[in-house]
Amino acid sequence: MRNEKYIIAPTIIWLLVFFLVPLLLIFGFAFMKNGMYGEIEKTFTLENIVKVFDPLYLKVLWTTFWIALVTTIITLLIGYPYAYTATVVNEKWQRILLLLITIPFWINFLVRSYALIVILRSKGIINTLLIQLGIIKEPLQLLYNTPSVIMGMVYTLLPFMVLPIFVAIEQLDNRKLDAANDLGATPFQTFLYVTLPLTMKGIFAGSILVFVASFGMFVVSDVMGGSKVALIGNVIQNQFLAARNWPFGSALSIFLVITSIGLIGLYYLATKNIGADKSRGEK
């Protein structure tokens, strides 16, 4: 036990110094005033917290929420079949499919985003191909709008959906699948009533990862949206860098942290209930 404490000590110190301390500083800034020249006045105030619920920022929060929700749904619809396929093919193809989904992590995020711009811009690969095939006469506006931001987020966050689902499907008890087949269930019924419920933990985990990441994302909306689609992450970035209003930026950041913690709490409650139901079912 003593040796285990020494092993995890560096991780705990790292988290305390580079996670907990900055978070506490941000929490403290949220209750301070912003000076005339951007300095932080050490005077307690609730003005920044109240300002978060201004209709202007609530609208941005709502836009961010539904974009994150749509991103999560699309990544789930794409990621689940991909993860399922990766578990049923032979070992050679499984390695290839997992390699393909992890390759993007080898390349810088901004480089990948600008590569998408080359593909989607007015004179990009897609528009050029469609014009040459005679399908369209004028280039489609595939960039600098909400759909392009969602596309960029799906492209960026898809691995975070695929990998947890892949692990959940890999851990399935094949005896239950065989039992369903023996009882006359069709492949669709087996998937709907056996495979899908038993992989809900992976679905919840991937959905939380994608939603939380997309909820705080700001780089994709800057690059793919051309700053025309304002998300809460962009507002926070602007408050810290351009407006130099750290207290209000901190208040918005705390709101995101609380939202993320709430979602993670819901995930643990959901998975706990799933585990309890599973235990009762086995008994």
Side-chain angles (χ1 to χ4, degrees), residues 64-106 109 112 150-217 220 256 259-283:
T64 306
F65 176 84
W66 79 259
I67 287 179
L69 182 61
V70 171
T71 300
T72 303
I73 294 172
I74 294 175
T75 52
L76 177 59
L77 294 176
I78 298 174
Y80 197 101
Y82 190 98
Y84 186 86
T85 302
T87 60
V88 298
V89 296
N90 58 50
E91 187 176 349
K92 175 184 175 182
W93 280 104
Q94 184 180 94
R95 288 198 298 266
I96 293 174
L97 291 175
L98 291 177
L99 179 65
L100 289 175
I101 202 65
T102 55
I103 278 178
F105 289 118
W106 304 356
F109 171 71
R112 287 186 281 132
I150 295 174
M151 185 186 305
M153 287 188 176
V154 170
Y155 167 71
T156 302
L157 301 174
L158 184 59
F160 295 99
M161 180 67 76
V162 171
L163 296 177
I165 294 176
F166 172 80
V167 172
I169 297 175
E170 276 280 279
Q171 294 176 348
L172 275 177
D173 188 350
N174 291 326
R175 293 175 299 178
K176 295 182 178 181
L177 302 179
D178 294 336
N181 293 329
D182 293 339
L183 292 173
T186 63
F188 178 75
Q189 289 174 328
T190 301
F191 171 78
L192 187 63
Y193 296 108
V194 180
T195 304
L196 190 61
L198 292 177
T199 56
M200 286 304 295
K201 284 188 176 182
I203 293 174
F204 280 132
S207 298
I208 291 297
L209 287 173
V210 172
F211 185 88
V212 170
S214 56
F215 196 65
M217 187 78 70
V220 171
L256 286 185
T259 302
S260 300
I261 292 174
L263 290 171
I264 294 171
L266 289 176
Y267 162 72
Y268 279 112
L269 286 175
T271 52
K272 184 179 180 180
N273 291 334
I274 291 173
D277 293 340
K278 182 179 178 181
S279 298
R280 286 195 295 268
E282 291 175 350
K283 290 180 180 179

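Here the structure is a predicted model, which means the values were calculated and not measured. Along the sequence shown, residues are numbered consecutively beginning with 1.
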Minimum-distance pair of heavy atoms, taken over all atoms of [X] and [Y]:
X	Y	result
I203	M161	O-SD, 4.5 Å
T64	F215	CG2-O, 3.2 Å
W106	L99	CH2-CD1, 3.4 Å
V212	S260	CG1-OG, 3.4 Å
G216	L256	CA-CD1, 4.3 Å
L209	P164	CD1-CG, 4.0 Å

Heavy-atom check, side chain of [X] versus side chain of [Y], under 4.5 Å:
X	Y	result
I165	Y84	no
M217	I67	no
E170	F166	yes

(Q) Within a 6.0 Å radius of atom CZ on F105, are there more than 12 heavy atoms belonging to other residues, nucleotides or ligands? (A)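 More than 12 within 6.0 Å, yes.
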Measuring from atom [atom1] of [X] to atom [atom2] of [Y], what distance do you get when rounded to the nearest 0.5 angstrom?
X	Y	atom1	atom2	answer
T195	L177	OG1	CG	4.5 Å
F65	S214	CZ	OG	10.0 Å
L76	L158	CG	CG	10.5 Å
T190	N181	OG1	CG	4.5 Å

Q: Please say which of T85, T199, T75 ends up in a side chain to side chain donor-acceptor pair (under 3.5 Å) with Y80.
A: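 Per the side chain to side chain donor-acceptor pair (under 3.5 Å) rule, the option paired with Y80 is T199, out of T85, T199, T75.
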Q: Please determine which of L97, N90, L98 meets the side-chain contact (heavy atoms from CB on, under 4.5 Å) test together with Q94.
A: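 Exactly one candidate clears the test, L98.
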Q: Can you spot which of T72, T71, L77, V220 makes a side-chain contact (heavy atoms from CB on, under 4.5 Å) with V154?
A: T71
Q | Sidechain-backbone polar pair: T186 side chain, Q189 backbone, donor-acceptor under 3.5 Å | A |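 Yes.
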Q. Under the side-chain contact (heavy atoms from CB on, under 4.5 Å) criterion, do W66 and I150 qualify, and how do the steps go?
A. CA-CA 10 Å; W66 79 259; I150 295 174; 4.2 Å; yes
